[in-house]
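Quick note: residue numbers are just sequence positions, from 1. Only this structure's heavy atoms are used, side chains among them; waters, hydrogens and symmetry mates stay out.
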Amino acid sequence: MEIIAAKILHYYGSTGVARIIVSSPLKVGDRIHIKGNTTDFDQWVESLEVCHRQVQHVSMGETAGMKVNDYVRKNDRVYRIEKIRDQDKLLTSA
C-alpha cells in the first residue's frame, strides 16, 4: 500500500538532493516510490536534512532535503510504501 508522504519542491542535480514538503511523516529507513509525469522509481530513504542538519524523521508540514537515487522533478510525488499485515490481507480478501 502506498501513502502520499511528500511533494518535490526542487532538485539539486549536483548533489542528488531533492527539497521536499512533507504531508505525512517520513523517516530514514522508509521504502518510498517517487512518481511524476516522467519519473517512476522506488528507493529507501537513506538521508534526511532539515536546515542542513541530519535528522532521522520529518513531520507533516516540514520542508526537508532528501538524498535521491535518480533525477526528480518539481511536483513529483513521494509515496511511502507500507507493508500490509497478514491479518489485514485476510480481512480484505474475505
Exercise for review: Could you go through the side-chain contact (heavy atoms from CB on, under 4.5 Å) check for Glu46 and Val28 one step at a time?
Suggested key: CA-CA 6 Å; Glu46 296 175 4; Val28 172; 5.8 Å; no
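Residues Phe41 and Tyr11 are members of one and the same hydrophobic cluster, defined by side-chain heavy-atom contacts under 4.5 angstrom among Ile, Leu, Val, Met, Phe, Trp and Tyr. Under the 4.5 Å side-chain heavy-atom criterion for ILVMFWY residues, a single connected hydrophobic cluster contains both Tyr71 and Ile32. A continuous path of hydrophobic side-chain contacts links Val50 to Ile20 [ILVMFWY only; heavy atoms under 4.5 Å]. Val17 and Ile34 fall into different hydrophobic clusters, where Ile, Leu, Val, Met, Phe, Trp and Tyr residues are linked whenever their side-chain heavy atoms come under 4.5 Å apart, directly or through other members. Each of Tyr79 and Ile8 belongs to its own hydrophobic cluster when Ile, Leu, Val, Met, Phe, Trp and Tyr are linked at side-chain heavy-atom distances under 4.5 angstrom.
Summarising the geometry of Pro25 relative to Asp30, their closest heavy-atom pair is O-OD2, 4.4 Å, with the distance given to 0.1 Å. Heavy-atom minimum distance, Leu9 versus Lys74: O-CG, 3.6 Å. The two residues Ile3 and Ser24 come nearest to each other via the heavy atoms CG2-OG, 4.2 Å. Between Ser23 and Ile4 the shortest heavy-atom distance is OG-O, 3.8 Å. Between Ile21 and Gly61, the closest heavy-atom pair is CD1-O, 3.5 Å. Residues Gln43 and Asn69 approach most closely at OE1-N, 2.8 Å, considering heavy atoms.
Counted by atom type alone, Thr38 and Arg73 present one or more donor-acceptor pairs between their side chains at under 3.5 Å. A donor-acceptor contact closer than 3.5 angstrom links the side chains of Asp40 and His33.
In this structure, the separation between CG on Asp42 and CZ on Arg31 is 5.0 Å, given to the nearest 0.5 Å. Note that CZ of Arg80 and CE of Met1 are 9.0 Å apart. Values are rounded to the nearest 0.5 Å.
Using a 4.5 Å heavy-atom cutoff, the side chains of Lys67 and Leu48 are not in contact. Inter-residue side-chain proximity for Gln56 and Lys27 is flagged as unmet; no heavy-atom pair is nearer than 4.5 Å. Between Val45 and Met66, the closest side-chain pair of non-hydrogen atoms falls below 4.5 Å. At least one side-chain heavy atom of Gln54 sits under 4.5 Å from a side-chain heavy atom of Ser47. Val78 places none of its side-chain heavy atoms less than 4.5 Å from the side chain of Lys7.
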